[in-house]
Protein chains: 2
Amino acid sequence: MLLEPDQPSSEISATQLAYNKLRELILTGELAPGDKLKIDGLRSRLELGASPIREALSLLTSDQLVVRQDQRGFRAAETSRENFQEILTLRCELEGMALRQSVQNLTEAWTEDLVLAHHRMTRAEGRSTAEFELRHKAFHMALIGNCQSPLLLGFCSQLYDLNIRYRYLAGRASGYEGRKIGDEHKCILEATLAGDFEAANGHLMSHYETTGAFILSYAT
Amino acid sequence: MLLEPDQPSSEISATQLAYNKLRELILTGELAPGDKLKIDGLRSRLELGASPIREALSLLTSDQLVVRQDQRGFRAAETSRENFQEILTLRCELEGMALRQSVQNLTEAWTEDLVLAHHRMTRAEGRSTAEFELRHKAFHMALIGNCQSPLLLGFCSQLYDLNIRYRYLAGRASGYEGRKIGDEHKCILEATLAGDFEAANGHLMSHYETTGAFILSYAT
DNA sequence: ATGTCCAATAAAATCGATTTTTTTCTAGCT
DNA sequence: AGCTAGAAAAAAATCGATTTTATTGGACAT
C-alpha cells in the first residue's frame with residue numbers, strides 16, 4: 001500500500017510562490033503604483049533566484065498589474081481615475097453577461113455551490129481581511145461560475161483583481177463603511193437562487209456602482 | 001551631432017523573440033495542440049537559453065495558447081469543438097460591445113485610421129499569408145480601436161488570436177474559399193464609416209458566423 | 001553657464017551548470 | 001503473469017555567474 005507522506009506544504013514551485021507573493025504585494029499596495037521592481041531587490045526580499053521572479057513578473061504583466069519596459073525592467077502598473085472607471089464599466093458589462101448565462105443554466109449543483117460560497121463568506125466576516133477577501137472573491141466568482149465560459153470567467157477574475165487593488169489603495173475597509181454589505185450580498189444571492197436575472201443583476205450592479213463611487217471619492 | 005548608427009534589427013530582447021516565434025508556431029499549428037514543449041528542444045530549435053524561453057511560455061500561458069503543468073513542463077493548449085464555440089460566441093459579444101462604443105465616439109482621426117487599415121489589408125491580399133493576416137487583424141482591431149477601453153481591446157485581441165489558430169488548424173485559406181471576403185469587409189467598413197452601428201455589427205457578426213461555420217465543418 | 005562626450009556604476013537580460021522532480025526501465029516478489 | 005520497489009535516465013526548475021544594456025556623474029569644450 002502507498003501512503004501519502006503528508007506533503008509538507010512545499011510541493012509549490014518557486015515561480016508560483018513568487019507570483020502569489022508579488023501579486024499580493026501589488027494588490028494591497030505594499031508595492032505602490034509606479035514602483036520600480038528591481039530584480040535584485042525582489043531576489044533578496046523573497047529569497048528566490050532571478051528566474052522564478054522574472055517568470056512571475058511576466059505573468060503579472062499579462063494580468064496588467066505589472067508593466068515591462070523594453071530592457072529597463074519592470075514596474076508596478078500605474079493607476080488613474082480613468083483606468084478605474086474603465087475597469088468598473090467593463091466589469092459590470094462582463095459580469096452582467098456572465099450572470100445572465102449562469103442564471104439561464106441554473107442547476108441544483110450550482111445552487112449548492114452558491115449557498116456554500118455565501119455561507120463561507122459570511123462566516124469569514126469576523127476574521128482576517130485576507131481570509132474575508134478570499135471568500136468574497138469566491139462568492140462573486142461563484143455567482144457567475146455557471147456561465148459555461150472559462151474564458152469569460154478568466155476575464156472577470158482579472159477585472160476583479162484590478163478592481164480590488166483600487167479598494168486597497170483607497171484605504172482598508174473603504175467602500176464598506178456605513179453600508180450593510182451583508183444585506184447587499186443576501187439580495188443578490190436570493191434573486192439569483194430564484195432565477196430572477198433582472199433583479200439579481202440590478203442588485204449586483206448597484207453593489208459595484210456604490211463601491212465604485214466610494215473609491216472614486218477617495219482617489220487623487 | 002548624434003547619428004543613429006543604423007540599428008541592426010537587434011534591439012529586440014531574446015524573450016520577445018522567443019514569444020513571437022513560439023506564438024507563431026502555435027497559431028499556425030506547426031506546434032500542434034497537445035504537443036509537449038520541452039525546454040531543451042526549444043532551446044536548440046530557437047537557439048536561445050532556457051530563461052527567455054520559460055518567460056515566453058509563461059506569457060503564452062496567460063494567452064491560453066500554452067498550458068503549464070505543475071512541475072511537468074508546458075504543452076500547447078488542446079483544442080476542442082466546445083472551446084471553439086466558446087471563443088466564437090465570446091468574441092461576437094465583446095467585439096459587438098467594442099464596435100458600438102467605437103461608433104459612438106466616431107471621430108475624423110479614427111475614420112482615417114480605418115480607411116488606412118482597410119487599404120493596407122486589400123493591398124496585402126496578393127502577398128504572403130503572414131502579411132495578409134497581419135493586416136487583416138489590424139483592420140479588425142481598428143474597427144473596435146476607438147472604443148476607449150484598452151482592456152477590452154486586449155481581450156478582443158486575445159480572442160482573435162485564439163480564433164485564428166482554429167482557422168490555421170482547419171487548413172490554410174479555409175473559411176475564405178468561395179466567398180467574396182473583400183465585399184464583406186467593404187460592407188463592414190462602409191456601415192461603420194456611416195456611423196450605422198446596427199448595420200456594421202450585423203455585417204461583422206455574419207462575417208464571423210460564416211467563417212465559424214466553415215471551420216466547424218472541418219473540425220474533428 | 002550649458003551642453004556633449006566619455007568613463008564608471010548599476011541594473012537587466014541571458015547563459016551554463018546544478019539541483020529537484022518526474023518518468024522510464026528493470027529486477028524481484030507474490 | 002501481474003504488480004511493486006528501487007535504480008537509472010530524462011526533463012523541469014532553479015541558481016550563480018557572465019554579458020549586455022541603461023543610467024549616472026564628471027571633465028571638457030563651447
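Just so it is clear, the structure is predicted and the values come from calculations on it, not from any experiment.
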Between CD1 of B/Ile12 and C1' of D/dT20 the distance, given in whole Å, is 16 Å
Handout entry: CD (B/Gln69) with more than 12 external heavy atoms under 6.0 Å
Key = yes
Here the distance between atom P of D/dT14 and atom CD1 of A/Ile39, to the nearest Å, is 15 Å
In whole angstroms, the gap separating P of C/dT14 from CD1 of A/Ile53 amounts to 16 Å
note: B/Leu46, atom CG; C/dT14, atom P; distance rounded to Å ~ 13 Å
Residue pairs passing the ring pair (Phe, Tyr, Trp, His ring centres under 6.0 Å) test with at least one member in residues 48-85 of chain B, sequence neighbours excluded, are B/Phe84-B/Tyr166
Self-check item: B/Glu30 and B/Arg45: CA distance, side-chain angles, deciding distance, salt bridge (Lys or Arg N to Asp or Glu O under 4.0 Å) verdict
Solution: CA-CA 13 Å; B/Glu30 203 162 332; B/Arg45 183 166 187 169; 3.5 Å; yes
Per atom distances to the A/Arg72 side chain, the nearest of D/dT14, D/dT23, C/dT14 is D/dT23
Spell out, as yes or no, whether a donor-acceptor pair under 3.5 Å connects the side chain of B/Trp110 to the backbone of B/Ala142. yes
Of the listed D/dA12, C/dA12, C/dT14, the closest approach to the B/Lys38 side chain comes from D/dA12
C/dA11 phosphate, OP1 or OP2: any side-chain N/O from A/Lys36 under 4.0 angstrom?
no
From CG of A/Leu37 across to P of C/dA11 the rounded distance in Å is 13 Å
Side-chain contact check for B/Leu48: nearest option of C/dC15, D/dA12, C/dA11 is C/dC15
Which of D/dT21, C/dC15, C/dT21 is nearest the side chain of B/Gln71? It is C/dT21
What class does the angle between the rings of B/His140 and B/His207 fall in, given that below 30° is parallel, 30 to 60° is tilted and above 60° is perpendicular? parallel
Whole-Å distance, A/Asp40 CG to C/dT9 C1', equals 13 Å
- Can a side chain N or O of A/Ser13 be found less than 4.0 Å away from OP1 or OP2 on D/dA12? no
Report which part of the nucleic acid B/Ser51 touches: base, sugar-phosphate, or nothing (heavy-atom distance under 4.0 Å, all strands). base
By nearest-heavy-atom nucleotide on DNA chain D, the more 5' of A/Arg43 and B/Arg68 is B/Arg68
B/Gln69 atom CD is separated from D/dA12 atom C1', nearest whole Å, by 12 Å
Between A/Glu55 and A/Asp70, whichever has its closest DNA chain D nucleotide further toward 5' is A/Glu55
Here the distance between atom P of C/dC15 and atom CG of B/Leu17, to the nearest Å, is 11 Å
